[in-house]
Amino acid sequence: NQRLAMQVRVRGERDDYDAAYAKWQEIFDLLQDAQQVNASPVLLPGFVFIQAQHYGPLTFRDAEGRMNFMTNWRVMTTTV
């Protein structure tokens with residue numbers, strides 16, 4: 001297996017922390033420790049295992065005042 005990395009960023013509306021955080025949490029819960037097993041749906045073709053490199057989002061406000069939540073992920077694949 002090859003190890004790859006990816007980054008997911010959620011950007012909310014201006015001053016809308018709660019909605020952006022909720023969307024980030026939804027994505028985190030979907031991807032964290034996701035594995036391909038015989039009975040599971042294919043989340044991303046060729047991905048075997050996905051795990052976050054940290055358990056909370058990296059947060060910042062952009063120049064427009066929008067909240068951004070980022071997570072870096074380690075990904076194991078079957079092919080590159």
Side-chain angles (χ1 to χ4, degrees):
N1 291 332
Q2 299 292 322
R3 287 189 173 253
L4 302 174
M6 68 177 182
Q7 184 178 77
V8 174
R9 180 172 73 171
V10 173
R11 182 176 64 203
E13 296 291 327
R14 187 176 179 142
D15 296 324
D16 194 359
Y17 180 98
D18 293 336
Y21 183 84
K23 180 54 73 176
W24 172 85
Q25 187 70 57
E26 180 182 340
I27 293 167
F28 183 88
D29 291 343
L30 175 69
L31 294 177
Q32 177 62 6
D33 294 332
Q35 299 183 55
Q36 292 297 0
V37 294
N38 293 336
S40 72
V42 174
L43 293 175
L44 298 167
F47 285 23
V48 177
F49 184 72
I50 303 171
Q51 189 169 48
Q53 292 181 327
H54 39 88
Y55 288 98
L58 304 172
T59 62
F60 66 94
R61 286 188 187 270
D62 64 17
E64 303 297 321
R66 298 173 294 200
M67 286 303 303
N68 289 261
F69 298 91
M70 294 188 319
T71 305
N72 297 310
W73 302 86
R74 287 282 172 122
V75 179
M76 292 179 66
T77 65
T78 56
T79 59
V80 176

Contacts of D18 meeting side-chain hydrogen bond (donor to acceptor under 3.5 Å, both in side chains) (sequence neighbours excluded), chain-then-number -> none

Ring centres of Y17 and W24 under 6.0 Å apart? no

Residues two or more places apart in sequence or in another chain: which of them pass side chain to side chain contact (heavy atoms under 4.5 Å, CB included) with I27? V8, V10, K23, L31

Which pairs, with at least one residue in residues 51-60 and sequence neighbours excluded, count as a salt bridge (charged side-chain N to carboxylate O under 4.0 Å, His left out)? none

Using every non-hydrogen atom in the two residues, find where G12 and A20 come nearest and quote the distance to one decimal. CA-CB, 3.7 Å

Measure the spacing between CD of Q51 and CH2 of W73 and express it to the nearest 0.5 Å. 9.0 Å

Please report the interatomic distance OG1(T59) to CG(N68), rounded to the nearest 0.5 Å. 9.0 Å

By salt bridge (charged side-chain N to carboxylate O under 4.0 Å, His left out), R66 pairs with (sequence neighbours left out) D62

Linking I/L/V/M/F/W/Y whenever their side-chain heavy atoms sit closer than 4.5 Å, directly or via other members, would Y55 and F60 fall into one cluster? no

Given the rule that I, L, V, M, F, W and Y join up when any side-chain heavy atoms are under 4.5 Å apart, are L58 and F69 in one cluster? no

Donor-acceptor pair, Q32 side chain versus A52 backbone, under 3.5 Å? yes

Would you mind listing every salt bridge (charged side-chain N to carboxylate O under 4.0 Å, His left out) that reaches into residues 5-17, with sequence neighbours excluded? D15-R61

List the residues meeting side-chain hydrogen bond (donor to acceptor under 3.5 Å, both in side chains) with E64, not counting sequence neighbours, and say none if there are none. none

Approximate separation, where rounding is to 0.5 Å, of H54 NE2 and M70 CE: 7.5 Å

